[in-house]
Every structure is written in C-alpha cells, then in structure tokens.
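The structure under discussion appears below in the form of structure tokens.
Both counts, for ligands and for their atoms, begin at 1 and track the order of listing.
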Amino acid sequence: MKKAAVLGYGNIGSGVVSTLIENREHIARMAGEEIVPVKVLDLRSFPGDVMEKNVVRNIEEISGDPEISLVVETMGGTDPAFSFVKACLEAGKHVVSSNKELVAAHGPELLQTAAEHKVNFLFEASAGGAIPIIRPLVTCVTGDPVTKIYGILNGTTNYMLTQMSEAGMDYDAALRNAQELGFAERNPSADVEGFDSCRKIAILASMATHSFVNFKEVPTEGIVHITVADMELAERLGYGLRLLGTFRRENFRMFARVCPMLVRADHPLYAVKGAMNAVFVQGSKMGDLMFYGQGAGKYPTASAVTADLISCVRHPEGGEIPFTLSETLHLTDASMDRSRWFVRFSANPGKKVRDALGKEGKAVSSAENGFAFITGELTGQEVREKAGEGLLAAYRLA
Ligand code: HSE
C-alpha cells in the first residue's frame, strides 16, 4: 500500500482524494497496490469532509513523513508550490502536479531534482486537463519530429468564442455567461489575455522537443479584441476564430505563439466548441493526430493526476519522463513569422490596398460589420503597413 498526500485541498485536490477513494479497487489493480490518501495540506478546515481529521498546516509534516511516498500538488501558483514540491522531491517522494504555472516556470529544475533523487515529477494534468497529451509527446511520437502543435488549450475562452459565434453574444455578455457557469474566474485575465494558454503551449513544446521552451518568450495575445463582426465575416469566408497555442518547426526555425487564429471549417479544430480542449499534432511521417477532451474541471483534471500517481507506483525508480529540459530551445523572432491573414476594414479599402495585401478569393461585407478578405503570406508588420488606417482587425490563419 502506498500513502499519498495532497498539497492544496481545493477543487482539484479534493477531486483527487474522492477519485482515490471511489476508484480504490480499480486503482489498486492498475497500480499493483492500493494508493491511500493520508494527509492534506491546507490552511483551511474542512468540517464533515472525509479528510477532516487529516489536514496538516506545515509542509514538514508531509516532506518529513517517511511513510508518504506520493505527493500531489494542486495548490496553483509558484509560491510556495515550488519550494514545497522541491522539498518533497528532495525527500525522495514522487510528485504529481496539475499546476501549469509551476511546470512552465520551474519544470527544468524540478525534473532535474526528481532525476537526482530517482523519483518522478509528473504533470499530465497541467496542459489539456484530462486529455492524455504529455505522455504521448514524451513516449509515443518520438520516432518523427513533431512539426506542429496547435492547441485549443483554454476552455473558458473557447466557450466564450462559441457563445459569440453561435448565440451572437458580444464579448462582455459571453464573459458574464462564462463566469455565471463557473468557467471563468472572477478575475479572468489569465484566460482571456492568453496567459493560461501560453504556459500550456510552452509545456507541450518542451515535451515535444525535450528542450525547455520558456513561456516568457512566447508572444501572447488573448481574445479581448474579438468582436461578433469579426466572427460573422470569418464564418462567411468559411473559417472559425479560435484562441490557439501554437508551436511550429520549419527546418531550423521554431515558432511559438498564442493568438486568436482562423481555422478552416474542414479542419478538426473547427469542430471543437464550448469548453472543450483539443490538441492537434503533426509530423511529416506520422501525419495528423488529434487529442480531444475536457481541459478543466474537478474530475477530468483529477483523473489525469490519478493516472500519474499510478505511473509513479509502476515506476518506483523514476525516469517516467526520461529527460530534464536541461537545454533551452530559443524561439525564432516572431516578427519573421509569415502567414495568411483575415483582415477586416470599415469599408472596401480599394484595389491598391487589396492588391498590396495579396487578396485571395472572395471578399465579404455587410453594412454593420464592414469588409473582410484573406491576404497572401505576410508578417504582422507588413499587414499593418500595407493595410493603412481603415484596418479594424487582423487575425492569422492557422
Ligand atoms: N482556466 C482554465 C480553462 C482552467 O478555462 O481552461 C484549466 O487550466
């Protein structure tokens, strides 16, 4: 029997404890022995809860407990999560985390510490929630360089964009709606400004390249400027707007970014609606893969954490992630990144501007929403220079 402790007994942490209790027999069969939650670290009290009598206040009561071999970190943030996780790894305990901020900022050091102490530091739930994507990138697609990862990695914003495009809600109404349903935080900036997706794509790119991709180097733009007019004209051109975290390898150039992008109606990511997440992965030999599922929520996230715990029991000597991100992968200057663009003007900008932008195919327009079309391959700066003053919006095509 293995004893587990949970750091942070909030939504996800309590979901992990419930899963360990409710699925006890199944987990014992999968792991080869029982996994029993014995302590939770939290400053709050939980009267009436199954763990009511097992709440501890100091990390030393977990890091210094020789009977505990498995630790779950579901606190969020980097401070004190980082020092707590590090202390547990140094004490020879396996640690499983759902915390993308921690992994994106301190992944290399924590993987290194885990390797030195022959334990695992696993974080499947940190990107894509319940979707198995870290492990496939680490172990299943290693025979062929990943050339592209395009992810819908934030459920809140995807839900809002679906409401805007399908229910015609404006941005503020969609945000209120997401908050009422409990998707968006009261302070939603990590979601709507793309910071959450930024950390997740940096983690996925790191796993695909076995090198550290620093989230601070990933240009990030959220959904705050998207209007119903953009979505309406994009749909008429045969595209949907999605907030994508992207990583792309082109020969020796590596690009990553987070921004709203147009996805063609026949692309698998177009079908991803509401709060769902999906990760599209491509390699020249493997072709296209798509991973789809719930990227957030108590039990979906807890299921990925629990599977990582089982992996720790199956691999007691560590090494489940067989690299430490000791090398840093430097991204190519994003200003060199060319793509086709959706551009929307208040009115038809005239032939000279259309030609300068390399307009492709038809244009669409309406009295309320303006005039839009798809450009040729351009950098962001070229679009701004060539479009001139009437430009209302410009989004890259995926
Ligand atoms: N706020 C995130 C989302 C939660 O909406 O996807 C999961 O990281």
Single-linkage hydrophobic cluster Phe195~Leu102, side-chain heavy atoms < 4.5 angstrom: no

With Glu109 via salt bridge (Lys or Arg N to Asp or Glu O under 4.0 Å) - residues at least two apart: Lys86

For Asp170, all residues meeting salt bridge (Lys or Arg N to Asp or Glu O under 4.0 Å), sequence neighbours excluded: none

Reported NE2-to-CG distance for the pair His106 and Asn99, which is rounded to 0.5 angstrom: 9.5 Å

Proximal protein residues to ligand 1, non-hydrogen atoms under 4.0 angstrom: Lys100, Asn154, Gly155, Thr156, Asp191, Asp196, Lys200, Gly295, Ala296

Pairs involving residues 135-148, ordered by first then second residue, that meet side chain to side chain donor-acceptor pair (under 3.5 Å) (sequence neighbours left out): Arg135-Asp308, Arg135-Ser311, Arg135-Glu320

Cluster link Ile134 to Val95, ILVMFWY, side chain under 4.5 Å: yes

